[in-house]
Amino acid sequence: MRILDWLQLPEVTSLHGATVDAMNEFVHIFMAVLFVGWTIFFLYCLWRFWHKRNPKADYTGVRGHASTHLEVSVVIIEAILLIGFALPFWAQRVEAFPTGPDVVRIRAVAYQFGWAFHYPGPDGKFGRVHTDFYVSNPAGLDAEDPNGMDDIVSVGSLTMPKDRPVVIHVTSRDVIHNLSMVPLRVSQDAIPGAEYPTWFTPNKVGEWEIICGQLCGAGHGSMRALYNVVTEDEFDQWIVDNAPQPAAAAAAPDGGGQG
Ligand SMILES: [Cu+2]
């Protein structure tokens with residue numbers, strides 16, 4: 001039986017997810033080996049340095065070099081883990097962001113206690129956003145900017161296409177939250193005043209839960225939303241169906257803003 005089966009993680013729904021799980025499993029095995037090794041060493045020390053066996057203190061201490069060799073090998077193994085595996089994997093996640101016309105860009109705005117998702121709309125351009133506009137709409141969208149006229153703001157539900165790279169720019173309106181989508185093996189902190197991107201490629205169609213991964217206040221436990229992965233055609237249709245018509249947007253500039 002594999003450790004991953006014991007951990008009972010949710011199913012993987014992204015391209016990179018299996019790599020995260022493999023790393024998780026490797027670290028568990030490595031920690032188990034260290035745990036068993038150090039426990040045996042601890043029991044040996046209890047026996048070896050028991051007071052009845054050593055009535056008189058030894059002022060010279062260790063004479064051999066075994067412990068030095070052991071310590072140097074632990075340093076080398078850990079350096080290989082860090083430099084050989086962890087750093088390249090991390091660099092791939094945070095530096096090799098996908099580019100090109102295929103990439104779907106979405107902003108995620110966290111607030112106490114919910115999520116708003118902002119799409120650039122059919123024109124592919126995000127409208128101007130500023131913290132001043134959070135009072136009139138949950139994505140902080142400037143109603144005067146023409147690029148924002150067709151932008152889609154979806155509260156509580158994130159729709160994405162299957163098999164296309166998705167870049168989500170995560171931010172927060174108030175305190176630190178975390179966009180956590182466990183089946184995608186994605187978790188990104190939402191920091192007020194900053195936007196940090198995270199990326200992944202969903203490879204399964206379906207609906208799963210988004211949770212907040214940082215304790216953010218009294219309503220933290222109810223700060224959930226849903227993410228929906230649909231086929232590419234369905235996604236293109238969803239964008240067309242949900243984009244506000246520029247003419248309608250112009251006729252009613254700030255909707256319910258006066259209420
Ligand atoms: Cu939160």
Side-chain angles (χ1 to χ4, degrees), residues 7-17 20-21 23-24 27 90 93-94 97 103-121 126-143 148 151-161 165-202 204 206-230 235 238 242 255-257 259:
L7 294 176
Q8 300 201 358
L9 299 172
E11 61 174 325
V12 174
T13 67
S14 66
L15 267 189
H16 77 279
V20 174
D21 284 9
M23 187 69 150
N24 212 338
V27 170
W90 179 243
R93 296 299 310 154
V94 299
F97 269 79
V103 177
V104 178
R105 283 179 191 279
I106 304 165
R107 288 177 69 237
V109 182
Y111 55 90
Q112 286 174 320
F113 295 95
W115 295 98
F117 300 100
H118 175 193
Y119 295 76
F126 282 111
R128 200 175 86 85
V129 290
H130 194 276
T131 48
D132 288 353
F133 301 116
Y134 283 138
V135 288
S136 56
N137 74 83
L141 202 53
D142 182 350
D151 284 16
I152 302 165
V153 178
S154 164
V155 173
S157 154
L158 169 64
T159 300
M160 299 174 289
V166 178
V167 178
I168 301 193
H169 300 261
V170 184
T171 187
S172 167
R173 232 155 80 183
D174 35 49
V175 300
I176 297 174
H177 301 272
N178 180 290
L179 180 73
S180 182
M181 299 183 282
V182 183
L184 289 167
R185 302 297 187 270
V186 165
S187 187
Q188 172 61 52
D189 269 356
I191 315 285
E195 270 194 23
Y196 286 107
T198 184
W199 74 275
F200 51 88
T201 305
K204 268 184 198 158
E207 191 179 63
W208 292 272
E209 222 176 30
I210 298 172
I211 52 172
C212 177
Q214 292 280 14
L215 190 56
C216 58
H220 164 70
S222 61
M223 191 171 159
R224 61 189 282 277
L226 291 173
Y227 76 86
N228 234 319
V229 178
V230 297
F235 180 73
W238 184 87
N242 285 273

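In listed order, ligands and their atoms are each counted from 1. Fair warning: this is a prediction, and the values are worked out from it, not measured in the lab.
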So NE2 of H177 and SG of C216: to nearest 0.5 Å the spacing works out to 4.5 Å
Find the distance between OH (Y227) and CD1 (I106) and round it off to the nearest 0.5 Å.
12.5 Å
Angle between ring planes, F126 versus H169, binned at 30° and 60°: parallel, tilted or perpendicular?
perpendicular
Partner set under side chain to side chain contact (heavy atoms under 4.5 Å, CB included) for L15, not counting sequence neighbours:
T201, N203
Once the angle between the rings of W238 and F235 is folded into 0 to 90°, is it parallel (under 30°), tilted (30 to 60°) or perpendicular (over 60°)?
parallel
Can you say whether the rings of F97 and W199 are parallel (under 30°), tilted (30 to 60°) or perpendicular (over 60°)?
tilted
Are there any protein N/O/S atoms under 2.8 Å from the Cu ion (ligand 1), and if so, which?
H177 ND1, C212 SG, C216 SG, M223 SD
